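Written below as structure tokens is the structure these notes are about.
When a ligand or atom number is given, it counts from 1 through the structure's own listing order. Starting from 1, each residue takes its place in the sequence as its number. Computed from a predicted model, the values in this text were never measured in an experiment.
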Amino acid sequence: MKLELRGITKRFPGVVANDNVNLTLNTGEVLSLIGENGAGKSTLMSVLYGMYKPDEGDILLDGSPKVFTSPADAIAAGIGMVHQHFMLVPVFTVAENVVLGVEPTGALGKLHIDEARRMVREISDKYSLDLDPDAVIEDLPVGVQQRVEIVKVLLRDAKVVVFDEPTAVLTPSEIIEFFEIVKTLVSAGRGVVFITHKLKEALNIADRIAVLRRGKVVGEVDPKTATESQIAEMMVGRPVQLIVNKNSASAGDVVLKVTDLTVLDADGRKHVENVSFEVRAGEIVGVAGVQGNGQTELVEALTGLRKATGGTITLDGKDLTHSNPRERHQMGMAHIPEDRQRQGLVGGLSVAENLVLTRYHDDQFSHGVVVDWDAANAIADTLISEYDIRTPSKETGVGTLSGGNQQKVIVARELSRDLRLTIAAQPTRGVDVGSIEYIHSRIVKERDAGTAVLIVSTELEEVMALSDRLLVMYRGRVVAELDPKKSTPMEVGLYMAGSRPDSAVNA
Ligand SMILES: Nc1ncnc2c1ncn2[C@@H]1O[C@H](COP(=O)(O)OP(=O)(O)O)[C@@H](O)[C@H]1O
Ligand SMILES: [Mg+2]
């Protein structure tokens, strides 16, 4: 089946998410749609999947125009979508989930479980998915859960399968397995749209790469001849430095010392278990791991946003296990939070206000309880220019800035004072390639100024490139400490998945 998008335009209030987009997908090929956060990739696929009505333009299947008013229409026409967040019932088996996925045959009708089992086996064999119909979803690794979603799509006989950022939740070896499945799908005559913001992945799997910038297709490239820097430049609109530039660290005294840290939640679930490590002045320690293995809770405990259930945390030898976030801030701890919207910024306040948000208590800004706005405004002007924050003015509401510029506001605020320790969680999540380059260079500069730096990131490539030492977290524990210069992503990936590289078994 040949799919054509012709002149698709989709507007939201104040933004043209898709601007006269033309794309073609032929049978048996992988089209990678690449673009920065906010470029319009998901919107375009939502138009294709019948979730949004385009303001202009047509969808054609084998040359004839189609109008989809709901996902059901798109599915009936042979379009399948695997969302980033799976829609599976954790306590049900694979077969039970598959049956739910193709319901209803009658009002909550009988689950034809034997039939579902048979179909799962058949599809699994045909596409080498290696799925056990009787396995319970919650026992399966994320990569295998994703294959259940693929089965659901194939059961409805999709001719075109759209994957929206499918690799974000996978380990390196799961990504390789996923690419094998994609190859099987296209050799069986399906068309695949693979959405990503990762250059290497697009180059690896795509037959063609279409680059989207600010809602427009700015060009198509051939992965056989294109380079990463060429595509990055198309995505951003200017040349981009893709490699983290740094010299080896000269680590000094221990700044952060974490001993047997354990974090339980209100239900008694263990998120962090007996974690111990140190971060020295002038070094970057990275924490790698698949999302959801306790990294979030670790950072929250270190920054005082969550109670440590056991163990101790010291900063320059002072115990701060039970001090509040403000006390930690005053001891020279900076926090670049994972969730910008909820923890990092106050959306209703201006850029200037956000730039001084955590400093209301610093002497420089307050006389008793009164904030010195002249001083605050002067600092805001300096930071906006120093950190290249693109904003119409410092009075602009911070919520209207792009993700990359919002993140720069946080980085500017957190790094522009004398620090002992910087904790950065997912520092470039949702940030455009251009701003990533800048944020990385600021973090390295901070290290070189003698600050201890802890980076937590689920982007393996990022955390390996930035760190001088690398810890791997799996199910709440630190399962490995590695030298990133002497390790490969595959090795680190094995620890991330809970196994150990063969070479380490007897070590
Ligand atoms: N439902 C919506 N309402 C308003 N604006 C939206 C909506 N969905 C997306 N946008 C905006 O459209 C643009 C494209 O977003 P999106 O398609 O999600 O980009 P991508 O998937 O490439 O990151 C962004 O500016 C985003 O803020
Ligand atoms: Mg998206």
- Among protein heavy atoms, which lies nearest atom 9 (C) of ligand 1, and at what distance? F12 CE1, 3.5 Å
- Nearest to atom 18 (O) of ligand 1 by heavy atom, G35, P13, A39, S42: which? S42
- Can you pull out the closest protein heavy atom to atom 12 (O) of ligand 1? Residue, atom name and distance to 0.1 Å, please. A17 CB, 3.4 Å
- Task: List in chain and number order the residues that pass side chain to side chain contact (heavy atoms under 4.5 Å, CB included) with S128, two or more places apart in sequence or in another chain; answer none if no residue qualifies.
- Result: none
- Can you check whether M1 reaches V160 side chain to side chain, under 4.5 Å on heavy atoms? yes
- shortest atom 13 (C) of ligand 1-to-protein heavy-atom contact is with G38 O, 3.7 Å
- ligand 1 atoms in contact with E36 (distance to a heavy atom under 4.0 Å): 22 (O)
- Around the Mg ion (ligand 2), how many protein N/O/S atoms fall inside 2.8 Å? 1
- Task: Write out the residue and atom name of the closest protein heavy atom to atom 1 (N) of ligand 1, then the distance separating them to 0.1 Å.
- Result: Y52 OH, 3.3 Å
- Query: For S385, which residues count as a side chain to side chain contact (heavy atoms under 4.5 Å, CB included) partner, sequence neighbours excluded?
  - Reply: none
- Task: Determine, for Y52 and K10, whether the Lys NZ or Arg CZ falls below 6.0 Å from the six-membered ring centre while staying within 45 degrees of the axis.
- Result: yes
- Which is it for E29 and R208 under the salt bridge (charged side-chain N to carboxylate O under 4.0 Å, His left out) test, yes or no, and what are the steps along the way? CA-CA 8 Å; E29 73 170 359; R208 282 185 298 130; 2.5 Å; yes
- Protein heavy atom under 4.0 Å of atom 27 (O) of ligand 1: no
- Taking 4.0 angstrom as the limit, do R238 and E437 come out as a salt bridge? yes
- Using a strict cut-off of 4.0 Å, indicate which atoms of ligand 1 neighbour a heavy atom of T43. 9 (C), 14 (C), 15 (O), 16 (P), 17 (O)
- Message: Check this for me: does any side-chain nitrogen of one of K200 and E228 sit under 4.0 Å from a carboxylate oxygen of the other?
- Response: yes
- Item | K198/E459 ion pair, N-O < 4.0 Å | yes
- What residues, two or more places apart in sequence or in another chain, satisfy side-chain hydrogen bond (donor to acceptor under 3.5 Å, both in side chains) together with T167? E201
- Item | Side chain S350, main chain T396, donor-acceptor under 3.5 Å | no
- Which residue supplies the protein heavy atom nearest to atom 19 (O) of ligand 1, what is that atom called, and how far is it? G40 N, 3.1 Å
- Item | Parallel, tilted or perpendicular: ring planes of F178 versus F194, cut at 30 and 60 degrees | tilted
- Message: Residue-level breakdown please: for V15 versus ligand 1, do any non-hydrogen atoms fall below 4.0 Å on the side chain, on the backbone, on both, or on neither?
- Response: side chain
